[in-house]
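Whatever order the structure lists ligands and atoms in, that order sets their numbers, starting from 1.
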Amino acid sequence: EDSPEFGSPPKKQDTGEGHSLKVASHYNTLQECGLAERSRSRIVHLRNFNNWTKSILIGEILDKVRRERRDVAVLDLGCGKGGDLLKWRKGRISKLVCADIADVSVEQCRQRYDDMRRRSHPNERIFSAEFITADCSRELLSDKLSDAELKFDICSCQFVYHYSFESHSQADTMLRNACERLRPGGFFIGTTPDSYELVKRLEASDSNSFGNEVYRVTFRKKGEYPLFGCQYEFNLEGVVDVPEFLVYFPLLVEMAKKYNMRLVFKKTFREFFQDKIKDEQNRILLQRMQGLEQYPADGRGRLASDNPVEYHHAERI
Ligand code: SAM
């Protein structure tokens, strides 16, 4: 019987621009809807759930780093429109570098930051920030940073890494950007679709695609899963419809060793949810974010995550 096989050679090599322009223009043209409209959206639960996961992930790593350091510098790799700015503010970091391939998103991120600063209390010390537009799978951030000596305590790469797995060199450059400026003991945290889950669901489907009323994943082909360039389209209620690539996690772990990283932690969103929902503070946060009355402590709540995503962090040694 045909079994899913990772590691078949990619059908095509890196084609220069590859899909980067498509990804950038896709995110650039995504409209920033107001909160009221967004909250009407059917994907609101999924978004809130992802946000809750990121909040906990970022909060926990900041607690850890802060035990050693007072001033914390963070690289938000693939920052998008700045959806995590408030989390960094809450975490009272000192410096944030935001980088993304989509120039319109970077500009919106900058505006959000400027607004946040303008509206903040005069006594609040809000982190300084720098904004960089770059294809982080092809360009080196080191060449673009204003401070050539800057070292990061954390690199956060949320729902971004899979775009770089188009080719080995792109995935490697992305990793280099994530890790080379981490100080020893610094962390690389991230979330990325779970390739095992994606392939499992694909193999169980009788077509090239699977999903539910909220999302749909469409592969080119079943049964062949090259390590790089294994493309699929991800559609989320018409909100995201863009080429992505499978990230075979053990390969990412191996590749990261080149940058002195060792894996500390990896969990699927489901495992993460079931673990973290036991904590009352986390439960209250999720209830508030989801606008719901109650989440059962045993993790059997309305898990908005039929979403095959996993979460990981690694430490620079
Ligand atoms: N991290 C943000 C968040 O969690 O809200 C945004 C996530 S969004 C799903 C993916 C982001 O990755 C987009 O903003 C996109 O422009 C960015 N991206 C994709 N490929 C990239 C690349 N090669 N270099 C930098 N950013 C990239």
Side-chain angles (χ1 to χ4, degrees), residues 14-33 38 43-44 46-58 74-88 96-110 112-113 131-144 154-178 188-193 215 217 228-229 231-237 239-245 247 269 289 307-312:
D14 187 3
T15 51
E17 282 302 322
H19 287 91
S20 303
L21 283 177
K22 218 186 272 178
V23 172
S25 85
H26 166 80
Y27 279 104
N28 272 334
T29 51
L30 261 188
Q31 289 307 307
E32 182 58 2
C33 4
R38 188 182 290 170
I43 61 165
V44 73
L46 186 66
R47 274 176 185 263
N48 291 345
F49 178 75
N50 288 347
N51 238 334
W52 175 79
T53 305
K54 287 195 293 178
S55 295
I56 296 175
L57 166 57
I58 287 172
V74 174
L75 168 63
D76 191 338
L77 191 61
C79 59
K81 297 171 190 351
D84 292 338
L85 284 173
L86 286 176
K87 302 178 186 70
W88 302 122
L96 180 67
V97 174
C98 292
D100 199 285
I101 192 174
D103 55 342
V104 175
S105 299
V106 174
E107 207 33 56
Q108 286 183 359
C109 183
R110 184 202 300 272
R112 268 191 184 178
Y113 169 77
F131 301 87
I132 298 175
T133 300
D135 179 345
C136 302
S137 70
R138 293 169 202 273
E139 299 165 79
L140 289 181
L141 288 177
S142 282
D143 297 338
K144 300 198 162 207
I154 297 168
C155 168
S156 171
C157 187
Q158 306 298 336
F159 303 106
V160 179
Y161 211 87
H162 44 295
Y163 295 108
S164 77
F165 259 66
E166 185 171 358
S167 69
H168 176 269
S169 81
Q170 284 174 268
D172 179 61
T173 301
M174 192 73 128
L175 255 182
R176 181 165 169 190
N177 280 323
F188 171 36
I189 58 173
T191 41
T192 187
Y215 81 94
V217 172
F228 298 100
Q231 189 179 331
Y232 59 89
E233 314 280 328
F234 178 56
N235 183 287
L236 191 63
E237 275 277 293
V239 177
V240 182
D241 196 353
V242 72
E244 303 188 357
F245 302 91
V247 177
F269 265 34
M289 284 173 137
N307 187 17
V309 191
E310 69 186 1
Y311 135 97
H312 59 84

So, is [X] polar-close to ligand 1, with some N/O to N/O distance under 3.5 Å?
X      : result
Cys136 : yes
Gln158 : yes
Val160 : no
Gly78  : yes
Tyr163 : no

From the options Asn51, Ile101, Asp76, select the one whose nearest heavy atom is closest to atom 21 (C) of ligand 1. Ile101
Of Asn50, Asp135, Asp100, the one whose closest heavy atom lies nearest atom 11 (C) of ligand 1 is Asp100
With the threshold set at under 4.0 angstrom, would you say Ala134 reaches ligand 1 through any of its heavy atoms? yes
Does at least one non-hydrogen atom of Ala24 fall below 4.0 angstrom from an atom of ligand 1? no
Does any pair with a residue in residues 168-178 pass salt bridge (Lys or Arg N to Asp or Glu O under 4.0 Å), and if so which ones, sequence neighbours excluded? Asp172-Lys258, Arg176-Glu180
Could you check Phe245, Tyr232, Phe228 and say which one makes a ring pair (Phe, Tyr, Trp, His ring centres under 6.0 Å) with Phe165? Phe228
Within the 4.5 Å heavy-atom criterion, are Val247 and Pro193 side-chain neighbours or not? no
Using side-chain heavy atoms (C-beta onward) and a distance below 4.5 Å, is Tyr161 in contact with Leu175? yes
Please enumerate all residues that pass side chain to side chain donor-acceptor pair (under 3.5 Å) together with Lys54, with sequence neighbours excluded. Asp84
Can you spot which of Ile56, Asn50, Asn48 makes a side-chain contact (heavy atoms from CB on, under 4.5 Å) with Trp52? Ile56
